[in-house]
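All values below were derived from every heavy atom in this structure, side-chain atoms included, with hydrogens, water molecules and symmetry-related copies excluded. For this chain, numbers begin at 1 and follow the sequence in order.
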Amino acid sequence: MTIARGNMAQQIKKAPASRKKKPKNKVPAKYLAGLSPDEKKKRRKEIEKNRKKKDNDPSAYKFSTDFTASGKRRKTKESKYTKAFKKRFGST
């Protein structure tokens, strides 16, 4: 099927509009649950910074917002996988 020059020009004009914009990276709400607005901002910023790091880099998974002001680790919910592992093999 051939396209006339007039139709081709119209098709070319439509093409850029049909492209979808790449969505901005979103941070899941569960990663920000229980944090103050300032801490949420810091966490988002840290996640964006660490997103660029390699998967096997342990520093990509450490966040300053995981610790309280006194330096103690924050209490978090156990994942269902951790619970299943402990149930199956016992806690170590």
Side-chain angles (χ1 to χ4, degrees):
M1 184 168 130
T2 59
I3 300 175
R5 285 186 182 252
N7 291 341
M8 189 184 306
Q10 288 175 350
Q11 297 251 342
I12 291 171
K13 286 180 186 175
K14 289 181 184 178
S18 65
R19 292 182 189 151
K20 292 182 181 178
K21 287 186 177 181
K22 186 177 179 182
K24 188 177 177 184
N25 295 327
K26 293 184 181 179
V27 178
K30 68 181 180 179
Y31 293 172
L32 306 172
L35 299 175
S36 69
D38 287 340
E39 289 175 330
K40 284 182 183 183
K41 261 188 197 176
K42 280 176 73 176
R43 174 62 67 95
R44 275 195 188 98
K45 195 173 183 180
E46 286 178 327
I47 290 173
E48 286 300 319
K49 182 181 76 174
N50 291 343
R51 181 174 271 147
K52 297 171 188 163
K53 294 182 181 179
K54 299 253 182 200
D55 292 344
N56 59 359
D57 183 4
S59 70
Y61 301 99
K62 293 182 181 171
F63 299 103
S64 63
T65 49
D66 285 345
F67 301 92
T68 61
S70 63
K72 292 184 180 179
R73 184 122 175 117
R74 285 186 193 276
K75 293 280 185 181
T76 56
K77 239 179 20 176
E78 274 188 348
S79 73
K80 63 183 180 181
Y81 305 105
T82 303
K83 288 178 185 175
F85 179 86
K86 286 183 177 180
K87 183 177 177 184
R88 189 168 181 189
F89 301 108
S91 60
T92 54

Main chain of Asp55, side chain of Tyr61: is a donor-acceptor contact present, judged purely on distance under 3.5 Å?
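Confirmed, Tyr61 side chain pairs with Asp55 backbone.
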Under 3.5 Å, side chain of Arg43 to main-chain N/O of Tyr31, donor-acceptor pair present?
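Such a contact is found between Arg43 side chain and Tyr31 backbone.
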Rounded distance [0.5 Å steps], NZ in Lys54 versus OG in Ser59:
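Those atoms lie 12.5 Å apart.
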Got a second to check how far Glu46's CD is from Glu39's CD, nearest 0.5 Å?
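It is 10.0 Å, given to the nearest 0.5 Å.
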Are the charged groups of Glu48 and Arg51 less than 4.0 angstrom apart, N to O?
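Salt bridge flag = yes for Arg51 with Glu48.
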Check whether more than 12 heavy atoms from other residues, nucleotides or ligands sit under 6.0 Å from atom NZ of Lys53, and answer yes or no.
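Yes, enclosed.
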What are the two closest heavy atoms between Lys40 and Leu35, and how far apart are they?
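What the structure gives for the nearest pair is CE-O, 3.3 Å.
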